[in-house]
Amino acid sequence: MPSVGLSSKLLLFPYWLTLAIRNKLYDKGVLKSERFDIPIISVGNISVGGTGKTPHTEMIVEALKGQFRVAVISRGYKRKTKGFHLVKPTDDFTLCGDEPLQIKKKFPEVIVAVCKDRGAAIKKVMKDFGVNLVVLDDAFQYRKIVPSCNILLVNFNRTITGENLLPIGNLRDLPSQVKRADIVVVTKCPDFSIFDGNSDEERGLEAIGEQEVLWRQNLSLRDNQPLFFSTAVFLTAIPVFPGICNVRYMYSKFVVAFTGIADDTLFKSQLVAEHTVGEVIKFADHKNFSRSDIKKVESMAQRQKEAAVVTTEKDSMRLKNNKYISQNLKQRLFALPVGCRIITETKKKEFFEQILKRPSTISQ
């Protein structure tokens with residue numbers, strides 16, 4: 001459990017007090033929250049990055065887009081545009097942010113929009129596009145809206161219990177706010193349903209039952225807060241520049257890599273499991289790759305001339321229009337997509353039943 005000295009506690013106190021007062025004002029109704037007559041599913045976290053918000057948003061969209069006219073709304077982190085922006089597959093990430101662009105490219109038929117005022121964005125997509133279900137990406141702290149289902153993600157390898165607030169720790173909100181979650185998902189778990197290399201539903205449910213006891217205690221969950229577990233699913237690597245890709249690198253067992261995401265642990269583990277991995281360069285989360293950044297990657301690629309160069313799917317959104325990437329690197333550059341799934345088919349069915357229960361009966 002992290003511990004801090006007196007000076008650090010004094011440094012954290014103003015932030016802690018601000019969060020405590022803000023949450024109390026919303027709890028008491030002094031600060032107003034808006035409700036909507038359609039399902040509003042919020043996906044978010046309390047810690048900074050690394051919980052898998054985008055893969056879980058995509059999982060929900062994939063499952064529900066056939067039943068509803070779905071829209072995904074995000075603030076569009078680090079975008080250079082203002083106000084409401086309707087994301088197009090041809091956008092540069094500077095117009096909308098890397099994650100909304102990734103979602104739009106993956107689901108071109110789904111409405112994806114970015115807007116600081118999420119309530120105004122919901123009204124607009126309902127009016128203009130007939131949207132009847134909205135997924136709010138990264139909105140657990142956005143209390144101006146009361147979602148019909150508030151999903152909180154917690155990393156299996158980095159629990160929030162005992163962690164400190166920013167800037168000393170990784171928490172962006174108070175751990176006590178777990179109480180507002182309608183559903184909690186522990187993400188990036190080992191697959192508890194796999195035994196001896198094969199899937200076993202019954203034994204998987206038994207293992208989940210054991211984990212649930214531990215995590216309910218760890219997070220101080222109430223009985224009426226459903227708890228689920230998910231695991232990362234890596235797909236086949238794809239060329240970042242498909243029209244230029246040199247196909248011989250698609251089958252290379254030797255790779256070098258670079259990332260600009262909060263937590264690249266699973267990404268690197270997946271590469272090691274399937275390839276011989278040379279160098280790996282880690283940049284800051286949401287890194288807008290500069291000339292010097294690309295030069296570092298180019299130098300790494302030159303040192304390892306036979307290796308494919310691999311990055312994450314999210315990072316690839318910030319590379320497609322990068323003017324500093326050489327033709328040679330474009331031929332060797334691949335992105336490794338990652339998804340997620342709820343562990344066991346039984347729990348997956350229950351998860352989607354739970355998120356469509358309305359109105360919320362837990363956080364009110």
Side-chain angles (χ1 to χ4, degrees), residues 26 29 32-45 51-76 84 86-87 99-100 102-104 106-154 177-185 187 221-222 224-228 230 339-342 346-364:
Y26 274 111
K32 301 300 181 183
S33 301
E34 193 170 8
R35 298 176 185 269
F36 290 87
D37 292 330
I38 64 171
I40 308 291
I41 301 169
S42 167
V43 180
N45 59 18
T51 56
K53 293 186 300 293
T54 301
H56 283 78
T57 296
E58 292 175 347
M59 176 185 69
I60 292 169
V61 171
E62 176 65 40
L64 299 181
K65 64 185 176 70
Q67 306 173 49
F68 298 89
R69 177 64 166 155
V70 174
V72 177
I73 295 175
S74 170
R75 64 173 169 156
F84 179 91
L86 190 66
V87 183
E99 290 158 339
Q102 176 180 312
I103 294 169
K104 183 62 180 179
K106 197 165 289 186
F107 304 103
E109 74 279 21
V110 168
I111 300 299
V112 180
V114 293
C115 190
K116 183 178 179 180
D117 185 342
R118 255 70 74 89
I122 291 172
K123 292 170 187 173
K124 184 170 179 61
V125 298
M126 288 174 64
K127 178 182 177 183
D128 294 354
F129 303 103
V131 164
N132 58 6
L133 184 143
V134 170
V135 182
L136 295 177
D137 181 33
D138 193 12
F140 193 78
Q141 283 75 42
Y142 192 80
R143 299 203 60 180
K144 292 182 179 180
I145 293 173
V146 179
S148 55
C149 184
N150 211 2
I151 301 175
L152 175 66
L153 307 180
V154 179
Q177 291 305 299
V178 171
K179 67 185 180 184
R180 292 194 293 108
D182 297 305
I183 290 174
V184 176
V185 182
T187 70
L221 299 184
R222 299 190 301 273
N224 63 345
Q225 288 179 286
L227 177 63
F228 297 91
S230 69
C340 66
R341 65 178 177 83
I342 302 297
T346 301
K347 289 294 184 179
K348 176 182 175 181
K349 180 180 178 182
E350 183 184 337
F351 173 78
F352 284 103
E353 289 173 350
Q354 288 285 348
I355 68 173
L356 291 177
K357 279 186 176 180
R358 298 182 59 247
S360 170
T361 57
I362 296 171
S363 57
Q364 294 177 16

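- Note that the OG1 atom of T346 and the CZ atom of F351 stand 15.0 Å from one another [nearest 0.5 Å].
- Between the CD1 atom of I183 and the CD1 atom of I151 there is a distance of 5.0 Å, given to the nearest 0.5 Å.
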Next item on the list: Please step through side-chain contact (heavy atoms from CB on, under 4.5 Å) for the pair K144 and R118, ending with a clear verdict.
Entry: CA-CA 8 Å; K144 292 182 179 180; R118 255 70 74 89; over 6 Å; no
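- F107 contributes atom CZ, which lies 9.5 Å from atom CD of Q102 (distance to the nearest 0.5 angstrom).
- In plain terms, the two heavy atoms of F140 and S42 that are nearest each other are N-OG, 3.8 Å.
- Between the CD atom of E58 and the SG atom of C340 there is a distance of 8.5 Å, given to the nearest 0.5 Å.
- Using a cut-off of 4.0 Å between Lys/Arg side-chain N and Asp/Glu carboxylate O, E109 and K65 are scored as salt-bridged.
- The backbone N or O of I40 sits less than 3.5 Å from a side-chain atom of S148, completing a donor-acceptor pair.
- Side chains of H56 and T187: no donor on one and acceptor on the other come within 3.5 Å.
- With K53 contributing its side chain and D137 its backbone, the two residues share no donor-acceptor pair below 3.5 Å.
- K348 NZ: 12 or fewer foreign heavy atoms inside a 6.0 Å radius.
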Could you tabulate the donor-acceptor pairs under 3.5 Å formed by side-chain atoms of residues 126-133, not counting sequence neighbours?
residue : atom : partner : partner atom : Å
D128    : OD2  : K124    : NZ           : 2.9
N132    : OD1  : R69     : N            : 2.7

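- S33 approaches Y26 most closely through the heavy-atom pair OG-CD2, 3.4 Å.
- Applying the side chain to side chain donor-acceptor pair (under 3.5 Å) rule to E62 yields no partners; only residues at least two apart in sequence or on another chain are considered.
- For Q177 and Q141, the side-chain atoms include no donor-acceptor pair closer than 3.5 Å.
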